[in-house]
Amino acid sequence: MPHNPAPLTKDGSKLSLTEYVGFALGDTASNFFFKFFGFFLLYYYTDVFGIDAKAAGTMFFVTRLIDAITDPAMGALADRTKTRWGKYRPYLLWMAVPYGICGYLLFANPDLSEAGKLVYAYITYSLMMLVYTAINVPYSSLMGVLSPSPRVRTIASSFRFAGAFGGGLLITTFVRPLVKALGGEDEVLGFQYTMILFAALSIVLFWITFATTRERVQPPEDQENNLKEELGELLKNKPWLLLFVAAVFSTTFIVMQNMVTLHYFKYNVGADDVPVFWILDRSSLFMSVGMLMMMAGAIAMGFVSQYLDKKWLSVWLTGLTSLCLVGFYFVPESNYGLLLGLNALTSFMMGPTSALVWAMYGDVADYGEYKYRRRSTGLIHSATLFSLKTGSMIAGALAGWMLYSFGFEANQVQGERSLLGIKLMFSIIPAIFALGKAAALFVYPLDAAYMKRIEIELAQRKGG
């Protein structure tokens, strides 16, 4: 595999289309698992594997506590890695196979007692998230060193999230049909075979990302590594703290709605096993339309980002997303067309904000070098993964606990109280978290004018 593909310009002020696309495929691989887990794992645990909803929610919470240590530790390790391929790219090569294996083990479904199944879920989910950290912290950090230009990084982020939403689109479109086609009446077998397919594809895509990208931004030559000082600087980095809060709120509201989508269509809407378009049932079509519109929104952001301030664009789009989420509470479950249309609008606005927030982490890395004369790209970008996991933890724990508290019983006719709980988790509760994200972005200080001053100052320090 080539380890030093030629860019259009040596300094990374412009990247080749091959590098943009190759970089994006890494997030396609990531989202094969992240979206698979987000949309299907809670359903799999409660309705297929047979774990109590409350126990599943507690597991999502407990297993994520260790990430407070592993995510920044992985970022610090990546920052200190030195190979002929760079600091971050090698992990895409080394960790791809363990990533695929651990994803499959989640759905291996050994013949165990109820208690044994819960223990197995704890072990395999913890292993999966540990390997997810080992490959995704370096992958997220890679965006911060593809180019010294914030504009180029924003374009790379739009490609990245187009790849991410493309991966999500494949998951939402084909998982349910594949589970039925490969497993027949046996959902357990269907999930196993489907995960094998996506795990193998994820390995190949991470290797393609490794082969087509290059690291161009290096830390200052006189930089001294001191983890204690780096952590202290990180906690004093106000833009990083605000961006972390925004990203946690973002992941929470997205994952919260995703996790109960199958429950919402199975129990609230009903008749979810009947195809309504091609091979897609109602929930699969709903999810696929959403992912397609998120991808369209991320691509559109790549064209408009050079004209608009990404901070203020994110604030407005997130606020409008919150209003749309509230709308789901008032749309009758019987009006599937309106549900589909509202979902398309919500997702189109949501797509750019996800890409914009992740592009801002590269800006925060520049700010850290500008402010403290130390560049800790891996440590800063470890926050992207930690925020994903923290948001997933909050959403997963709340979803499991709320299903239990509202009286949910898997594979049974639900009472009015249970249906109300599912509807709230599908609409109002995600809207509250979306509003929190908008508030955090509102006070985030790195607007376009500030970043231009930082870019000029860093270039002057390096003799540019």
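Predicted model only: the values in this text are computed from it and were never measured.
- For Phe433 and Phe253, the ring centers sit 6.0 Å or farther from each other.
- Between Met256 and Ile429, some side-chain heavy-atom pair lies under the 4.5 Å cut-off.
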Subject >> Test side-chain contact (heavy atoms from CB on, under 4.5 Å) applied to Phe107 and Phe36, step by step >> reply: CA-CA 11 Å; Phe107 298 90; Phe36 204 120; 3.5 Å; yes
**OP:** Take Tyr88 and Val137 through the side-chain contact (heavy atoms from CB on, under 4.5 Å) test and state the conclusion after the steps.
**Re:** CA-CA 8 Å; Tyr88 311 111; Val137 167; over 6 Å; no
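- Between Arg160 and Asp27 there is a salt bridge, since at least one side-chain N of the basic residue sits less than 4.0 Å from a carboxylate O of the acidic one.
- Summarising the geometry, atom CG belonging to Leu105 is positioned 11.0 Å from atom CD1 belonging to Ile123; distances are rounded to the nearest 0.5 Å.
- No side-chain heavy atom of Ser147 sits less than 4.5 Å from a side-chain heavy atom of Val217.
- Between Ser314 and Met360, some side-chain heavy-atom pair lies under the 4.5 Å cut-off.
- Checked for salt-bridge contact, Glu369 and Arg373 miss the test: no charged N lies under 4.0 Å from a carboxylate O.
- Counting non-hydrogen atoms of other residues, nucleotides and ligands closer than 6.0 Å to OH of Tyr370 gives a total of 12 or fewer.
- Around the CD1 atom of Ile66, the shell of radius 6.0 Å holds no more than 12 heavy atoms that belong to other residues, nucleotides or ligands.
- Residues Thr58 and Trp401 are in side-chain contact: their nearest non-hydrogen atoms beyond the backbone lie under 4.5 Å apart.
- A salt bridge links Glu19 with Arg216; the closest basic N to acidic carboxylate O contact falls under 4.0 Å.
- Distance OH/Tyr104 to CE/Met128: 14.5 Å, rounded to 0.5 Å.
- How far CD1 of Ile171 is from CZ of Phe39: 10.0 Å, rounded to the nearest 0.5 Å.
- Using bins of under 30°, 30° to 60° and over 60° for the plane-to-plane angle, the ring pair Phe33/Phe37 lands in the tilted bin.
- Ring centroids of Trp207 and Phe210 are separated by 6.0 Å or more, keeping the two rings apart.
- Salt-bridge check for Glu229 with Arg374: passed, with a basic side-chain N closer than 4.0 Å to an acidic carboxylate O.
- Side-chain atoms of Tyr336 and Phe286, non-hydrogen and from C-beta on, do get closer than 4.5 Å to each other.
- Side-chain contact check for Lys87 and Thr81: no donor-acceptor pair (N or O, by modelled atom type) lies under 3.5 Å.
- When all heavy atoms are compared, the tightest approach of Tyr99 to Asn136 is CE1-ND2, 4.1 Å.
- Interatomic distance, Ser250 OG to Leu356 CG, rounded to the nearest 0.5 Å: 11.0 Å.
- Around atom CZ of Phe442, no more than 12 heavy atoms belonging to other residues, nucleotides or ligands sit under 6.0 Å away.
- Around OH of Tyr122, the count of heavy atoms belonging to other residues, nucleotides or ligands within 6.0 Å exceeds 12.
- Taking the six-membered ring for Trp and the full ring otherwise, the centers of Tyr329 and Phe426 sit at least 6.0 Å from each other.
- Using a 30° and 60° split on the angle between ring planes, Phe34 and Tyr132 fall in the tilted class, from 30° to 60°.
- Looking at Asp363 and Tyr450, their side chains never bring a donor and an acceptor atom within 3.5 Å of each other.
- Proximity of Lys437 to Val357: side-chain heavy atoms (C-beta onward) are separated by under 4.5 Å at one or more points.
- No side-chain N or O of Asn343 forms a donor-acceptor pair with one of Thr346 less than 3.5 Å apart.
- Residues Asp281 and Arg176 have side chains in contact (heavy-atom distance under 4.5 Å, counting atoms from C-beta outward).
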